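Structure first, commentary second.
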There are 2 protein chains.
Amino acid sequence: MPSAPLPKASRRGLAQQAADLIREAIFAGHFPPGSPLREVELAASLGVSRGSVREGLAFLEREGLVRSAWHRGTTVIDVTERDVEEVYAVRAALDRLAATSAQGNATADQLTELDTLVQAMAEEIGGEASGARLLALDIAFHDLIYAAADNRRLDAAWHAVRSQIYLFQLRRIALGYEHYRARVVAEHHELATLLRSGDRETLARRAEEHVDSARRGLLTGPHP
Amino acid sequence: MPSAPLPKASRRGLAQQAADLIREAIFAGHFPPGSPLREVELAASLGVSRGSVREGLAFLEREGLVRSAWHRGTTVIDVTERDVEEVYAVRAALDRLAATSAQGNATADQLTELDTLVQAMAEEIGGEASGARLLALDIAFHDLIYAAADNRRLDAAWHAVRSQIYLFQLRRIALGYEHYRARVVAEHHELATLLRSGDRETLARRAEEHVDSARRGLLTGPHP
DNA sequence: GGCATGTCGAATGTTGACATTCGCTGATGC
DNA sequence: GCATCAGCGAATGTCAACATTCGACATGCC
């Protein structure tokens, strides 16, 4: 996942570092959905104490990547059809608000950056497309919209589903991503255009439809 | 055999208990917005260790009630106009989704319970209305809608703003709540009716407008 | 054989001590 | 008089040991 630039990264505490490493391990497939995340094991593996690992896991739970139960440990979330439906329903609602808030609120620089990202997607597809890189650009595009919306609560809600979306898409991409490749550029280009100058209601509808398109891409084809 | 002092006390862990107590203290006004929540102080006050308090504070941060910064401690959130705008913008988006999801998904029992809550509001107003009790019924009403929506991610997002809404409204109510009293019953009655049998688009719009009405109620009148 | 129960092990929950960081204060130099 | 910086104190961050809980297996009774 494209992590934000790290100007003060080293001063973020071991818990955050542990969370980052565990998150990466989950994305890398080292901990498949449903597998347990044992604190002692992780503490030994990461070279930090159990307390820091515990705090890091709590942070990942806030992102929705893992689930914890009283005295029953922490496990990676499932990736059932219902889970996908839940996440994308919430994301559609959030994206709708983010897009309409960002409209008229985004700076010129931010709008330009959106175009740059869309162009990068197009170039990625032109060459030998890497699904993972395409996905990173996709997420970065939406990160930018949420940043332009300039609403800390909205951004927090976005972060509570962002990692899950990344996990879902990553797993789907591993099975092929022609469906993804086919629509990414056009849809994001349209969103950027509508954001710059478009009917507010149309933008809201399109933002929702974009999420629905991504959801359908996840649920079609081979299932895990 | 000495009977246990707290028979069913700790099935949820000390951290959760600590979070509950601190949350209540914040709502009670013991910790006004912006005031620091010192771990050692709370640990001594609650009779638990700092670790548990720390975990409880992390949970409250998930609810948006407090904010933490690296080596700078935890403080109660501010209640500026911008904070209110942020929370209610997100809540409008979530309520819209919750209402439309609950429509056609709610059980008969849940719909009946909604009516019961609306009637309880009306009775509360008929007698000597207590703003706090009215607010509790209001929140319970929306909790029920979110429960009917049956989406764990949506419920999590709701819980990330619920406590903030409670705090905002509590502080506003302390300054008088005629404006609140005037609209509560009618608006919730309409929502319950639309939920049972109403146009989906109308329901979505009304759910958003209901939140906007609450937001305006918060921002009018005397400001803290 | 099937079900209730007791015991055990492995994991989480909790704690107090130790290390680190940050803001403040006051001495210091210009 | 004012800016700078070193030291100080108070708070948070980290750790390793201790206590508690739950699931699984074995055991015994019916």
Side-chain angles (χ1 to χ4, degrees), chain A residues 6-23 25-26 30-62 65-78, chain B residues 1-23 25-26 30-63 65-78:
Chain A
L6 30 161
K8 27 186 172 181
S10 60
R11 289 261 164 95
R12 248 179 6 171
L14 287 187
Q16 293 290 328
Q17 276 178 247
D20 289 344
L21 291 169
I22 299 171
R23 191 191 300 114
I26 293 175
H30 198 282
F31 297 105
S35 58
L37 297 170
R38 276 174 278 266
E39 296 178 359
V40 281
E41 179 182 323
L42 290 170
S45 166
L46 301 178
V48 299
S49 95
R50 257 190 63 219
S52 299
V53 168
R54 190 182 175 77
E55 199 171 330
L57 287 175
F59 196 81
L60 291 183
E61 191 178 5
R62 211 202 286 200
L65 256 191
V66 305
R67 294 175 67 84
S68 300
W70 166 262
H71 255 300
R72 219 162 294 167
T74 305
T75 60
V76 180
I77 58 166
D78 295 327
Chain B
M1 147 181 160
S3 85
L6 300 173
K8 72 155 209 149
S10 61
R11 254 318 190 275
R12 252 171 49 225
L14 286 187
Q16 291 290 328
Q17 277 177 247
D20 290 344
L21 291 170
I22 298 171
R23 190 191 302 112
I26 294 174
H30 198 283
F31 297 105
S35 58
L37 297 170
R38 276 174 277 267
E39 297 177 357
V40 281
E41 178 182 323
L42 290 170
S45 167
L46 301 178
V48 298
S49 93
R50 254 190 66 218
S52 300
V53 167
R54 189 181 175 78
E55 199 171 329
L57 287 176
F59 196 82
L60 291 183
E61 191 178 5
R62 214 203 285 200
E63 296 181 10
L65 256 190
V66 305
R67 294 177 67 86
S68 300
W70 166 262
H71 256 297
R72 218 161 295 169
T74 305
T75 60
V76 180
I77 57 166
D78 294 327

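Because the structure is predicted, anything quoted here is derived from the model rather than measured. Protein chains get the first letters and strands the later ones, always in sequence-line order, with residue 1 at the start of each.
Near-neighbour residues of DNA chain C inside residues 47-57 of chain A, defined by a heavy atom below 4.0 Å, number-ordered: R50(A), R54(A).
Rounding to the nearest 0.5 angstrom, the gap separating the CD atom in E55(A) from the CD atom in E39(A) is 12.0 Å. The CZ atom of R38(A) lies 12.5 Å from the OG atom of S45(A); values are rounded to the nearest 0.5 Å. A distance of 11.0 Å separates OG in S52(A) from CG in L57(A), rounded to the nearest 0.5 Å. Interatomic distance, CD1 of I22(B) versus CG of L42(B), reported as 4.5 Å (0.5 Å rounding). Atom CG in L65(B) sits 11.5 Å away from atom OG1 in T75(B) (nearest 0.5 Å). Rounding to the nearest 0.5 Å places CD of Q16(B) at 8.0 Å from CZ of R23(B).
The interatomic distance linking E41(A) (CD) with dA10(C) (P) rounds to 14 Å, in whole Å. The CG-C1' distance, from L14(B) to dG16(C), rounds to 15 Å in whole Å. We find that NE2 of H71(A) is positioned 14 Å from P of dA19(D), with the value rounded to whole Å. Taking atom CZ of R38(B) as the reference point, atom P of dT21(C) lies 22 Å away to the nearest angstrom. The CD-P distance, from Q17(B) to dG13(C), rounds to 14 Å in whole Å. Atom CD of Q16(B) and atom P of dT12(C) are 17 Å apart (whole Å). Atom pair R12(A):CZ and dT21(C):P shows a separation of 16 Å (rounding to whole Å applied).
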I'd like a list of close polar pairs between nucleotides 23-25 of chain D and the protein, N/O only, cut-off under 3.5 Å.
{"from": "dG23(D)", "atom 1": "OP1", "to": "R72(A)", "atom 2": "NE", "distance (Å)": "3.4"}

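In plain terms, the two heavy atoms of F31(A) and E41(A) that are nearest each other are CE2-OE2, 4.4 Å. Closest approach of A19(A) to L60(A), counting heavy atoms only: O-CD2, 3.8 Å.
Regarding contacts with the backbone of dC22(D), a side-chain N or O of W70(A) is found under 4.0 angstrom from either OP1 or OP2.
Between T74(A) and E61(A) there is no side-chain heavy-atom pair separated by less than 4.5 Å.
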